[in-house]
Amino acid sequence: MLTYELAEACTAEYHRSFDRLLKLVLRIVEKLEAELKERRIMARVSGRVKGRESLRAKLLKWVNDPEKAKLFLDSRDVFKHVGDLAAVRVMTYVEQDRDRVASIAREIFSHRSGREDFEYEIKEKSLRVKSDDANYYRASHMQICLKQSDLTGTSENLGDDHCELQITSMLAHVWNEIEHDIVYKGDKSQLSVDEASALESLGLLTKTGDNIIVNLMNANARREMELHKKSVNASKEVVSAEALSAFLEEHYGPKLFSHSQPIDYRKHIEPLFLALRYLGLVHPNDIVAAITPSVLYETKKTEWPLFKRFLDKNGHEKPMPNINSCDLFLLALISRHSAKLATFPRTGKGPNPRQIAFAQRWETFLSSRQ
């Protein structure tokens, strides 16, 4: 039977084993962190060994609890009946990962001899929590031990020790800790109306917050997937005019500027494709670096009106650039590389291809401005 004297003896017995249990906690934290990282579960892991005075206070309270007191026969029983002498907490980013962490723990740890299913307990399903509508405690608890294969080296003396594993979401952990400090350790009947109301509001917020975190992480995953996809695509050479048309429309959008007409990314795409290849701009990253939105804006608002006036004045009606087609991109390219593009090798007879005609006329246009 647990008495005040036996409680003191249990506390002293535990204190002599403090360093051994601390070693157990550090080993368990190390194993869990490695596994969670390997399986890409976002979480934080922490551990602690119960303070001597904290244990003493618990045991003195149990002296007056007949069900608890009858469990103790000698000081060594403290290791058998106090489950949280060593404790490790896993705080997951999302509530749904609690079950995954518990499954991992079952794989990499062992359970106490004679105990079933790691003494697994979902705390919010317990009678104490379910019977109290204002109790938002959410956590999964289990008792774990190191496997025989881990009891080597400095860990070989940990075979008889166990640790309480607490699994909760980060937001639930906030409520759990506050509730533990102001309710569990104190007298709930002494809470003011404001305290009780604030605690309940916080509990509701943690549940809402869990959903927000899930949505945020899903959105982040989608964004990173899109960035990865664009990065992979950016490393691939644009091998056809059709592929160039699709890329330009996806990257720049149907409208380049407000109050402007939509761009027809299929019209006059072939001359632009040939010009880009002649300049060696064959990858998406190279193309968007050469034809930036600012270059396009300057071409349309400043250079194009002047160039059109030059074309009209000199009777260059054919071919006439269509600024709402890929000609805008071609002119933007020519405005920076007209000399090079004017030397584009011509094949066959007939009028100059579009990219050559525009480039040569741009060269003349530049000369007329000097």
Requested in this report: Verify side-chain contact (heavy atoms from CB on, under 4.5 Å) between Asn314 and Thr364, making sure each step is shown before the conclusion.
Outcome: CA-CA 11 Å; Asn314 291 277; Thr364 306; over 6 Å; no
Requested in this report: Using the rule that two of Ile, Leu, Val, Met, Phe, Trp, Tyr join whenever any of their side-chain heavy atoms come within less than 4.5 Å, decide whether Phe79 and Ile144 are in one cluster.
Outcome: yes
Query raised in the report: Are the side chains of Val101 and Thr92 in touch, meaning some heavy atoms are under 4.5 Å apart?
Result: yes
Requested in this report: Determine the interplanar angle of the His111 and Phe118 rings, folded into 0 to 90°, and report it as parallel if under 30°, tilted if 30 to 60°, perpendicular if over 60°.
Outcome: perpendicular
Query raised in the report: Is Glu124 reaching over with its side chain to a backbone N or O of Ala139, donor-acceptor style, under 3.5 angstrom?
Result: yes
Query - Check: Asp77 side chain, Asp74 main-chain N or O, donor-acceptor pair, under 3.5 Å - result: yes
Report task. Using the salt bridge (charged side-chain N to carboxylate O under 4.0 Å, His left out) rule, take Glu237 and Arg277 through it: C-alpha gap first, then chi angles, then the decisive distance, then the call. Result -> CA-CA 10 Å; Glu237 183 177 328; Arg277 293 194 69 82; 2.9 Å; yes
Query - Audit row: Lys58, Asp84, salt bridge (charged side-chain N to carboxylate O under 4.0 Å, His left out) steps and yes/no - result: CA-CA 11 Å; Lys58 173 177 278 193; Asp84 63 345; 3.4 Å; yes
Query raised in the report: Can Leu276 be reached from Val239 by stepping across I, L, V, M, F, W or Y side chains whose heavy atoms are under 4.5 Å apart?
Result: no
Report summary line: Smallest heavy-atom separation, Gln360 atom then Ala342 atom, equals NE2-O, 3.5 Å
Requested in this report: Consider only side-chain heavy atoms of I, L, V, M, F, W and Y, link residues closer than 4.5 Å, and tell whether Met1 and Leu60 are in one cluster.
Outcome: no
Query raised in the report: Yes or no on side-chain contact (heavy atoms from CB on, under 4.5 Å) for Asp327 and Leu272, after CA distance, side-chain angles and deciding distance?
Result: CA-CA 7 Å; Asp327 282 347; Leu272 175 61; over 6 Å; no
**Report entry** Closest approach of Leu24 to Cys163 (non-hydrogen atoms, all atoms of both residues)
**Finding:** CD2-CB, 4.1 Å
**Report entry** Side-chain heavy atoms of Ile269 within contact of Leu248, under 4.5 Å
**Finding:** yes
Query raised in the report: Would you say the side chains of Thr343 and Tyr278 form a donor-acceptor pair under 3.5 Å?
Result: yes
Report summary line: Note: Leu2 and Leu59 closest approach over all heavy atoms is CD2-O, 3.5 Å
Query raised in the report: What heavy-atom pair brings Phe273 and Leu244 nearest, and what distance separates the two atoms?
Result: CA-CD2, 3.6 Å
Query raised in the report: Charged N to carboxylate O under 4.0 angstrom, Arg39 versus Glu35?
Result: yes
**Report entry** Within one Ile-Leu-Val-Met-Phe-Trp-Tyr cluster: Ile212 and Tyr93, side-chain cutoff 4.5 Å
**Finding:** no
Query raised in the report: Can you find a heavy atom in the side chain of Val90 that is under 4.5 Å from one in the side chain of Val45?
Result: yes
Report task. Report the distance from atom OG of Ser368 to atom CZ of Arg361, rounding to the nearest 0.5 Å. Result -> 13.5 Å
Query raised in the report: More than 12 foreign heavy atoms under 6.0 Å from CG of Asp312: is that the case here?
Result: yes
Query raised in the report: If every non-hydrogen atom of Ala87 is compared with every non-hydrogen atom of Gln166, which pair is closest and at what distance?
Result: CB-NE2, 4.2 Å
Report task. Find out whether His251 and Val288 are in side-chain contact, i.e. whether some heavy atom of one side chain is under 4.5 Å from a heavy atom of the other. Result -> yes
Would you list the atom pairs, donor with acceptor, under 3.5 Å between side chains in residues 329-339 and any protein atom, with sequence neighbours excluded?
{"from": "Ser335", "atom 1": "OG", "to": "Ala332", "atom 2": "O", "distance (Å)": "2.7"}
{"from": "Arg336", "atom 1": "NH2", "to": "Glu298", "atom 2": "OE1", "distance (Å)": "3.3"}
{"from": "Ser338", "atom 1": "OG", "to": "Glu363", "atom 2": "OE2", "distance (Å)": "2.6"}

Report task. Applying salt bridge (charged side-chain N to carboxylate O under 4.0 Å, His left out), name anything that partners Lys125, two or more places apart in sequence or on another chain. Result -> none
Query raised in the report: Which pairs, with at least one residue in residues 149-170 and sequence neighbours excluded, count as a ring pair (Phe, Tyr, Trp, His ring centres under 6.0 Å)?
Result: none
Query raised in the report: If you measure from CG on Leu6 to OH on Tyr4, what distance do you get to the nearest 0.5 Å?
Result: 13.0 Å
**Report entry** Heavy-atom donor-acceptor pair, Arg354 side chain to Met320 backbone, under 3.5 Å
**Finding:** yes
Query raised in the report: Going hydrophobic residue to hydrophobic residue with side-chain gaps under 4.5 angstrom, can you get from Leu296 over to Leu281?
Result: yes
Report task. Evaluate the side-chain proximity of Ile28 to Leu165: yes if any heavy-atom separation is below 4.5 Å, no if none is. Result -> no
Query - Aromatic ring proximity His81/Phe72, centre distance under 6.0 Å - result: yes
Query raised in the report: Mind checking whether Leu274 and Phe344 have side chains closer than 4.5 Å, heavy atoms only?
Result: yes
Query raised in the report: So does Glu95 pair up with Arg100, basic N to acidic O under 4.0 Å?
Result: no
**Report entry** Working for side-chain contact (heavy atoms from CB on, under 4.5 Å), residues Glu121 and Met142
**Finding:** CA-CA 6 Å; Glu121 182 182 8; Met142 55 199 305; over 6 Å; no
Query raised in the report: Can you name the closest pair of heavy atoms from Gln143 and Gly83 and give their distance?
Result: NE2-O, 3.2 Å
Query raised in the report: Is a salt bridge present between Glu249 and Arg266, judged by a nitrogen-to-oxygen distance below 4.0 Å?
Result: yes
Requested in this report: With sequence neighbours excluded, tell me which residues meet ring-ring contact (aromatic ring centres under 6.0 Å, His included) with Phe307.
Outcome: Trp362, Phe365
Enumerate, atom names and distances included, each donor-acceptor pair closer than 3.5 Å involving a side-chain atom of residues 10-21, sequence neighbours excluded.
{"from": "Thr11", "atom 1": "OG1", "to": "Ala7", "atom 2": "O", "distance (Å)": "2.9"}
{"from": "Glu13", "atom 1": "OE1", "to": "Arg16", "atom 2": "NH2", "distance (Å)": "2.8"}
{"from": "Glu13", "atom 1": "OE2", "to": "Arg76", "atom 2": "NH1", "distance (Å)": "3.2"}
{"from": "Tyr14", "atom 1": "OH", "to": "Lys50", "atom 2": "N", "distance (Å)": "3.2"}
{"from": "Tyr14", "atom 1": "OH", "to": "Lys50", "atom 2": "O", "distance (Å)": "2.4"}
{"from": "Ser17", "atom 1": "OG", "to": "Arg20", "atom 2": "NH1", "distance (Å)": "3.2"}
{"from": "Arg20", "atom 1": "NE", "to": "Asp161", "atom 2": "OD1", "distance (Å)": "3.4"}
{"from": "Arg20", "atom 1": "NE", "to": "Asp161", "atom 2": "OD2", "distance (Å)": "2.6"}
{"from": "Arg20", "atom 1": "NH2", "to": "Asp161", "atom 2": "OD1", "distance (Å)": "2.9"}

Report summary line: Rounded to the nearest 0.5 angstrom, the CD1-CD distance for Ile104 and Glu38 is 10.0 Å
Query raised in the report: Side chains of Ile108 and Leu32: closer than 4.5 Å at any heavy-atom pair?
Result: yes
Query raised in the report: Can any side-chain N or O of Ser245 pair as donor or acceptor with the backbone N or O of Tyr265 at less than 3.5 Å?
Result: yes
Query raised in the report: Are Arg106 and Tyr120 close enough that a side-chain donor and a side-chain acceptor fall under 3.5 Å?
Result: no
Query raised in the report: Any side-chain heavy atom of Ile356 sitting closer than 4.5 Å to one from Leu341?
Result: no
Query - Distance-only polar pair, side chains of Ser140 and Arg98, donor-acceptor under 3.5 Å - result: yes
Query raised in the report: Passes side-chain contact (heavy atoms from CB on, under 4.5 Å), Asn324 versus Asp264? Steps please.
Result: CA-CA 6 Å; Asn324 295 313; Asp264 187 344; over 6 Å; no
Sequence neighbours excluded and cut-off under 3.5 Å, please list the side-chain donor-acceptor pairs for residues 145-157, or say none.
{"from": "Lys147", "atom 1": "NZ", "to": "Glu107", "atom 2": "O", "distance (Å)": "2.6"}
{"from": "Asp150", "atom 1": "OD2", "to": "Lys31", "atom 2": "NZ", "distance (Å)": "3.3"}
{"from": "Asn157", "atom 1": "OD1", "to": "Lys23", "atom 2": "NZ", "distance (Å)": "3.0"}

Query raised in the report: Short question: side chain of Ser325, backbone of Asn322 - any donor-acceptor pair under 3.5 Å?
Result: yes
